[in-house]
Every structure is written in C-alpha cells, then in structure tokens.
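Worksheet: one structure, shown below.
All values derive from a computational prediction rather than experimental measurement.
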Amino acid sequence: MNNKEVTFRKICLLALVVLGWFALAGQFYLIILNRVTSIPGTIIRYFSFFTILTNFLVAVCSTVLLVNKNRWHQFFSNAKTITAITVYITVVGLVYNVILRFLWSPEGFQSLIDELLHTAIPVLFILFWIFFMPKAGLKSKDILPWLLYPFIYVIYILIRGAFTGLYPYPFIDVKELGYNKVLLNSGMLVIVFVVFSLLFVGVDHYFKKQPLF
C-alpha cells in the first residue's frame, strides 16, 4: 500500500476503535443503569449477547491492528481470523436489521448505541475487510473452524437458559418456542453463517485475481 492507503487504513481502524469501545461502554452503562437483577448477574447478561461478544472481537481486533506492536498482532492480522470476524459482525447486522429491529423502538442514547453496534460498526468493518485486508486465497475448507464460535455460543445460551430461564434473543427462547423450534432456528442460522462465509471466500478469490489497488 502507498502512503495514502496506509493513512486511510489507519483512519478506518481508528474509527472502529473509537466507535467500538464507545458503543460497548455505552451499552454496558445502559444495561447497568436499567438492571433488574444484581450487578454480577447483569454483567453476565451483558456478555451473553452475541452482538456484544462480536463487537468486542471487532474492537479488540481493530485495536491490535492499529497499535501494530504486540504479541496478538500476528493472530488478528491473519486473513482467516479477520474474515471470520467479518462474517460474525455481518450476521450481527443482518439478523438485527432484518428480524430484531422491528421488535422494539429504542430512543435517545439507546438508539445511538444500537445503530453503532448493529449497523455502523458492521458496515465499517466490512469495508475495512474489502479495501484493506490482503486477499490471501482463502479456501472453502477454511470456514469449518469459523463455525465453532457461534456453535459454542448457542450451546452456552441453551445451557444458561435451562438454569435461568433467560434467553437473549426471541428466536432462541426455549420457553416460548420449545427446543424443536429453537434447534430449527439455530440450524437456519448455521446456514446463514455458512453462506456468508462462502461469500467472503468467493470475494477473496475475486479480489486476489483483480486487486482493488
């Protein structure tokens, strides 16, 4: 990359770092402010949202890439790692804007935080992946390890829900839907993850042959 491209890359990363940590801190403040249970229980609830965990991954990845001098840089600069995170945050934005957005109407500061977590940050990270991640010839077999994170997440939510009766999203609420419907919904989400993983692998192949710059 030339100097201009390096500058734009740093600006994009800086925006992701600032917006990411601000949104995560803002959501943490709001969930603590409006808690209906103990603070430890509320903190566990906060980290039980796929949106929060994935935005946390984006914020950490962006921070590591921006700082550029730490032991985690090699891991987070790896094409497979960045692409996996891009798939995760893409699904976050997709599921919220297609399904969850219409189930409630946040206002004020909560509305701002929601837009950052579910729209602005996903779009910005996707753009970062497209323009600034070196295309490395990803293969379809690379997507199998990427499914481990959402799989473990669903298992955790079902186990936690069995003990607490609390589920972070309506489409995996066993109390309302039953296990059969929840497992069906989970299977459909797996398909979404696979489809978008293959899509990003395909885009990687295309831009490797026809680079943007």
Query raised in the report: Which pairs pass side-chain hydrogen bond (donor to acceptor under 3.5 Å, both in side chains) with one or both residues in residues 162-176, sequence neighbours excluded?
Result: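 side-chain hydrogen bond (donor to acceptor under 3.5 Å, both in side chains) check on residues 162-176 returns T51-Y169.
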Report summary line: Residues pairing under side-chain hydrogen bond (donor to acceptor under 3.5 Å, both in side chains) where one sits in residues 23-36, two or more places apart or in two chains, turn out to be Q27-Q110
Query raised in the report: To which residues is V36 joined in a hydrophobic cluster, defined by side-chain heavy-atom contacts under 4.5 Å among Ile, Leu, Val, Met, Phe, Trp and Tyr, whether direct or through other members?
Result: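 Cluster partners of V36: none, it stands alone.
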Query - Heavy-atom closest pair, residues V87 and S197 - result: CG1-OG, 3.6 Å
Report summary line: Between I121 and A23 the two heavy atoms that sit nearest each other are CD1-CB, 4.2 Å
Query - Pairs where residues 136-145 contributes a residue and the test salt bridge (charged side-chain N to carboxylate O under 4.0 Å, His left out) is met, not counting sequence neighbours - result: K80-D142
Query raised in the report: Side-chain heavy atoms under 4.5 angstrom apart, residues restricted to Ile, Leu, Val, Met, Phe, Trp, Tyr: same cluster for L147 and I152?
Result: no
Query raised in the report: So if you build clusters from Ile, Leu, Val, Met, Phe, Trp, Tyr with side-chain heavy-atom gaps below 4.5 Å, do L24 and I39 land together?
Result: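 L24 clusters together with I39.
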Requested in this report: Hey, can you tell me if H118 and Y96 have their rings parallel, tilted or perpendicular (30° and 60° cut-offs)?
Outcome: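 Ring orientation of H118 relative to Y96: parallel.
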Query raised in the report: Ring centres of Y149 and F50 under 6.0 Å apart?
Result: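 Yes; F50 has its ring centre under 6.0 Å from that of Y149.
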Query raised in the report: Quick one: ring pair (Phe, Tyr, Trp, His ring centres under 6.0 Å) partners of W146, sequence neighbours excluded?
Result: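 Applying ring pair (Phe, Tyr, Trp, His ring centres under 6.0 Å) to W146 gives none.
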Report task. Go through the structure and list residues passing ring pair (Phe, Tyr, Trp, His ring centres under 6.0 Å) with F28, not counting sequence neighbours. Result ->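 F28 satisfies ring pair (Phe, Tyr, Trp, His ring centres under 6.0 Å) with Y46 once adjacent residues are dropped.
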Query raised in the report: Once you round to the nearest 0.5 Å, how far does CG of N78 lie from OG1 of T83?
Result: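 Going from CG on N78 over to OG1 on T83, the span is 8.5 Å.
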